[in-house]
Enquirer: 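Have a look at this one before I ask anything.
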Amino acid sequence: MNILLLGSGGREHALAWKMAASPLVDRLICAPGNAGIAHEAECVDLAIADHAAVTAYCRANRIDFVVVGPEAPLCAGIVDDLEAAGIKAFGPSRAAARLEGSKGFTKDLCRSAGIPTAAYERFRTAAAAIAYTRERGAPIVVKADGLAAGKGVVVAESMGEAEAAIEMILGGGVGAAGAELVIEEYLVGEEASFFALCDGETALPLASAQDHKRAFDGDKGPNTGGMGAYSPAPILDAALSARVMREIIRPTLRAMKAMGAPYKGVLYAGLMITAEGSKLIEYNVRFGDPECQVLMPRLMSDLVPALLASRDGLLKSVDLRWYPESALTVVMAAKGYPGPYGRGSVIEGLEQAAAVPGVEIFHAGTKQDGAHVVANGGRVLNVSALGRSVREAGARAYEAVTRIRWPEGFYRHDIGWRAIEREK
Ligand code: AMP
């Protein structure tokens, strides 16, 4: 079959790498892709926000199945538009993608379905929001309702910070995403991510992961899209995973189906493991980035039939196998990220790095410039490795990182520290 993958990040490189290994795939095309994806797929310059252009491309190129990587096209309804044109697509409908597109929607769903989550209220005016915040006290968490590319959440340590966040978000600081607010209780615990593949009715647990959001060592510095990850998350053992399926994932699927918006695609639950059990912090409606770069190397089974079964409502008969190894990925980012950074610097040593046993390099913001691979984004490379433990996977990934010659880049030196400490 012919598959079109949409996206251009490390997540999409990991998906392309995995799908390219499937005997079911005749042609794999990626729009727009990057320099690494070009080794796995034909890259085409297609504006993925233009749904009519994507549909026309699929018709002209006999695309059998479209796999959507990022959240923005999902929330904009690309799956609805493709399916309406008779093209099969993997991912949630626009109505189901509200689980990521509106934090207020998800909180209300949790409240009515009894899903454990932080106590909250929704607001449209600063006066009411500030009054609620004063009543609850700090620390408290202020969130823009809509998609804000990671910039819409402020964990406020003081009343002053909370009020500034309310004014910033409702005042247009994150654009239309901030027309409404969710203010919620501050949860204490360890964060972990849990992934399930869903077909509207059935949820198949994938694997767990933990990521590192802060830019610098010791979990310091500004929040980023993610500077590294590892899988499995040792804190999410079998018993806790079963509880997450029972208390969070399955009730969500039942509630979505009951409201006429059955959820299909990857459901990514951001969890806080508290003293009372796991609570839902947020949902994402796609694979995590960089979590996907540790899930794909651990997946033994063919990914393509599982994605098709999610779309076709046939997940009941799917059984995925995983390698017992752990995986870890180190993100290499352009100096300055998540603030302003330069583009166009040359990256060398990628082949030597990829020769380290167990290592796969997934590109994010890269571009081919003649004979050179050059940086073309904030997060630029993901150096992933498998190992018998998180410690071994980390040692391999860092060995590969040191072989990459890119003076304009930086990375964290402590990815996986929590898991490695647990392994001791
Ligand atoms: P979100 O985009 O909702 O996942 O929030 C981004 C980050 O903010 C999370 O990964 C947490 O580190 C933090 N966060 C969000 N909500 C809470 C909460 N209720 N309590 C504590 N930390 C939170």
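Just so you know, ligand 1 is whichever comes first in the structure, and atom 1 is the first atom listed for that ligand. Here the structure is a predicted model, which is why all the values come from computation and not from measurement.
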Enquirer: With a 4.5 Å heavy-atom cut-off, do Phe123 and Leu170 have their side chains touching?
Expert: no
Enquirer: Got the closest protein heavy atom to atom 2 (O) of ligand 1, with its distance?
Expert: Glu282 OE1, 3.2 Å
Enquirer: Please list all pairs meeting ring pair (Phe, Tyr, Trp, His ring centres under 6.0 Å) that have one or both residues in residues 276-296, counting only residues at least two apart or in different chains.
Expert: none
Enquirer: Using a 4.0 Å cutoff against the non-hydrogen atoms of Ile281, which atoms of ligand 1 qualify?
Expert: 3 (O), 4 (O), 15 (C), 16 (N)
Enquirer: Kindly write out the residues that satisfy side-chain contact (heavy atoms from CB on, under 4.5 Å) with Ala375, not counting sequence neighbours, or none if the list is empty.
Expert: Ser345, Ile347, Val380, Trp406
Enquirer: Just jot down the ligand 1 atoms closer than 4.0 angstrom to any heavy atom of Leu187, in number order.
Expert: 18 (C), 19 (N), 20 (N), 21 (C)
Enquirer: Tell me, which protein residue and heavy-atom name are nearest atom 12 (O) of ligand 1, and how many Å apart are they?
Expert: Glu191 OE2, 2.4 Å
Enquirer: Tyr186 to ligand 1: N or O pair under 3.5 Å?
Expert: no
Enquirer: Using a 4.0 Å cut-off to any heavy atom of Val141, which atoms of ligand 1 qualify?
Expert: 16 (N), 17 (C), 18 (C), 19 (N), 20 (N)
Enquirer: Are Arg136 and Glu185 within salt-bridge range, i.e. N to O under 4.0 Å?
Expert: no
Enquirer: Using a 4.0 Å cut-off to any heavy atom of Met272, which atoms of ligand 1 qualify?
Expert: 21 (C), 22 (N)
Enquirer: For Ala400 and Val359, work out which heavy atoms get closest and say how close.
Expert: CB-CG1, 3.9 Å
Enquirer: Measure the shortest side-chain to side-chain distance between Pro116 and Glu247 over non-hydrogen atoms and say whether it is less than 4.5 angstrom.
Expert: yes
Enquirer: Measuring from atom 7 (C) of ligand 1, which candidate in Val153, Asn284, Ile140, Val142 has the nearest non-hydrogen atom?
Expert: Val153
Enquirer: Ligand 1 versus Lys143, non-hydrogen atoms closer than 4.0 Å: side chain, backbone, both, neither?
Expert: side chain
Enquirer: Under 30°, 30 to 60°, or over 60°: which ring-plane class applies to Phe362 and His13, parallel, tilted or perpendicular?
Expert: perpendicular
Enquirer: What residue and heavy atom of the protein are closest to atom 13 (C) of ligand 1, and at what distance?
Expert: Val155 CG2, 3.9 Å
Enquirer: Quick check on contacts: which atoms of ligand 1 are under 4.0 angstrom from a heavy atom of Glu184?
Expert: 16 (N), 17 (C), 18 (C), 19 (N)
Enquirer: Angle between ring planes, Tyr230 versus His212, binned at 30° and 60°: parallel, tilted or perpendicular?
Expert: tilted
